[in-house]
Amino acid sequence: GESVGLHLPTLSVQEGDNSIINCAYSNSASDYFIWYKQESGKGPQFIIDIRSNMDKRQGQRVTVLLNKTVKHLSLQIAATQPGDSAVYFCAENAGGTSYGKLTFGQGTILTVHP
Amino acid sequence: KAGVTQTPRYLIKTRGQQVTLSCSPISGHRSVSWYQQTPGQGLQFLFEYFSETQRNKGNFPGRFSGRQFSNSRSEMNVSTLELGDSALYLCASSLVGQGNSYTFGSGTRLTVV
């Protein structure tokens with residue numbers, strides 16, 4: 001039969017606003033959580049990561065929050081710019097022998113209006 | 001520093017044919033992972049190689065295979081192509097294969113007609 005395409009969540013913001021992108025993950029044993037940005041025609045680009053023993057990590061204009069109780073991850077982008085428009089994916093890795101195996105979320109389309 | 005290079009960028013094949021995709025990792029990186037990206041299934045892990053050994057494999061049929069050479073370059077092969085194999089195939093490399101350390105290439109867009 002015909003496969004149903006993923007209907008990605010979308011987030012539309014004005015330039016200068018703060019953006020929050022959410023992700024629910026599935027494996028409570030995951031050790032690494034990573035956020036990627038994918039622009040059209042390109043592969044995913046690493047933004048920031050967090051290990052399971054942390055609940056918050058900050059980078060340049062980005063903050064990742066991890067809530068292991070409800071298996072929830074969020075990415076906050078401060079002062080969002082038009083260049084931030086892309087699809088954002090969360091990914092998890094169980095560590096240990098899960099070499100190279102990232103499990104990706106469905107993605108969120110972020111559109112930033114000037 | 002050169003990134004992950006995938007060739008070719010675009011490919012059109014006919015059902016039933018086979019295809020080989022190539023990935024050159026970042027210099028010094030020994031781990032290479034492959035992913036399939038489709039609108040229907042999103043990003044799915046295919047397999048991972050380290051020092052010419054497959055250490056991990058995703059849930060894909062045996063038509064999907066890969067290998068890694070002594071210089072860490074990797075190839076993946078898909079035999080007996082089906083329409084559903086049309087996808088963006090992404091390669092990522094890492095120094096040792098730690099989960100948060102992968103750099104992705106721009107992918108090979110495969111279209112099966």
Side-chain angles (χ1 to χ4, degrees), chain A residues 1-9 23-27 29-54 57 59 64 66 73 75 86-109, chain B residues 3-6 9-10 23 25-26 29-51 53-59 66 68 74 82-109:
Chain A
E2 206 174 62
S3 63
V4 177
L6 285 174
H7 295 286
L8 301 187
C23 174
Y25 64 91
S26 56
N27 186 356
S30 288
D31 193 23
Y32 295 96
F33 300 90
I34 310 113
W35 281 100
Y36 286 94
K37 170 187 180 184
Q38 188 174 26
E39 297 173 287
S40 182
K42 297 184 180 179
Q45 176 188 354
F46 175 93
I47 301 172
I48 191 168
D49 65 343
I50 188 168
R51 285 199 76 169
S52 59
N53 60 355
M54 302 170 68
R57 189 165 187 219
V64 56
L66 175 62
L73 194 65
L75 176 70
V87 181
Y88 288 80
F89 293 95
C90 64
E92 54 184 302
N93 174 267
T97 58
S98 297
Y99 306 111
K101 183 178 180 180
L102 294 168
T103 300
F104 282 84
Q106 63 178 354
T108 296
I109 300 172
Chain B
V4 178
T5 303
Q6 292 189 246
R9 285 300 309 274
Y10 302 93
C23 173
I26 290 173
H29 283 193
R30 296 168 66 188
S31 171
V32 173
S33 289
W34 288 89
Y35 291 82
Q36 181 195 65
Q37 186 173 25
T38 61
Q41 301 297 322
L43 278 148
Q44 293 189 293
F45 172 75
L46 280 155
F47 26 65
E48 186 263 358
Y49 288 87
F50 182 85
S51 293
T53 300
Q54 185 183 87
R55 296 193 298 187
N56 243 327
K57 190 176 190 307
N59 296 324
Q68 187 182 34
S74 178
E82 300 176 0
L83 295 179
D85 296 332
S86 294
L88 180 67
Y89 289 89
L90 292 159
C91 164
S93 76
S94 162
L95 197 61
V96 295
Q98 189 168 299
N100 61 342
S101 63
Y102 280 86
T103 301
F104 282 81
S106 293
T108 294
R109 172 73 63 185

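No experiment lies behind these values; they were computed from the predicted model shown. Throughout, protein chains are lettered first and strands after them, A, B, ... in sequence-line order, and every chain is numbered starting at 1.
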Quick one: does A/Q38's side chain have a donor or acceptor within less than 3.5 Å of a partner on A/A86's backbone?
no
Most chain B-contacting option - heavy-atom pairs closer than 4.5 Å, from A/S30, A/P44, A/G43, A/S98
A/P44
What part of B/L88 gets closer than 4.5 Å to chain A, counting heavy atoms only: side chain, backbone, both or neither?
side chain
B/S106, part contacting chain A, at a heavy-atom distance under 4.5 Å
both
Classify the ring geometry of B/W34 against B/F47: parallel below 30°, tilted from 30° to 60°, perpendicular beyond 60°.
perpendicular
Under 4.5 Å to a heavy atom of chain B? For A/F33 that would be neither
Flag if over 12 foreign heavy atoms under 6.0 Å of NZ, A/K42
no
Other residues, nucleotides, ligands: >12 heavy atoms within 6.0 Å of A/N53 CG
yes
What option among B/Q44, B/R9, B/Q37, B/Q6 has the most heavy-atom pairs under 4.5 Å with chain A?
B/Q37
Name the orientation class of the two ring planes belonging to A/F104 and A/F89 (parallel below 30°, tilted from 30 to 60°, perpendicular beyond 60°).
perpendicular
Of the listed residues (A/T97, A/I34, A/L102, A/T103), which shares the most heavy-atom pairs with chain B below a 4.5 Å separation?
A/L102
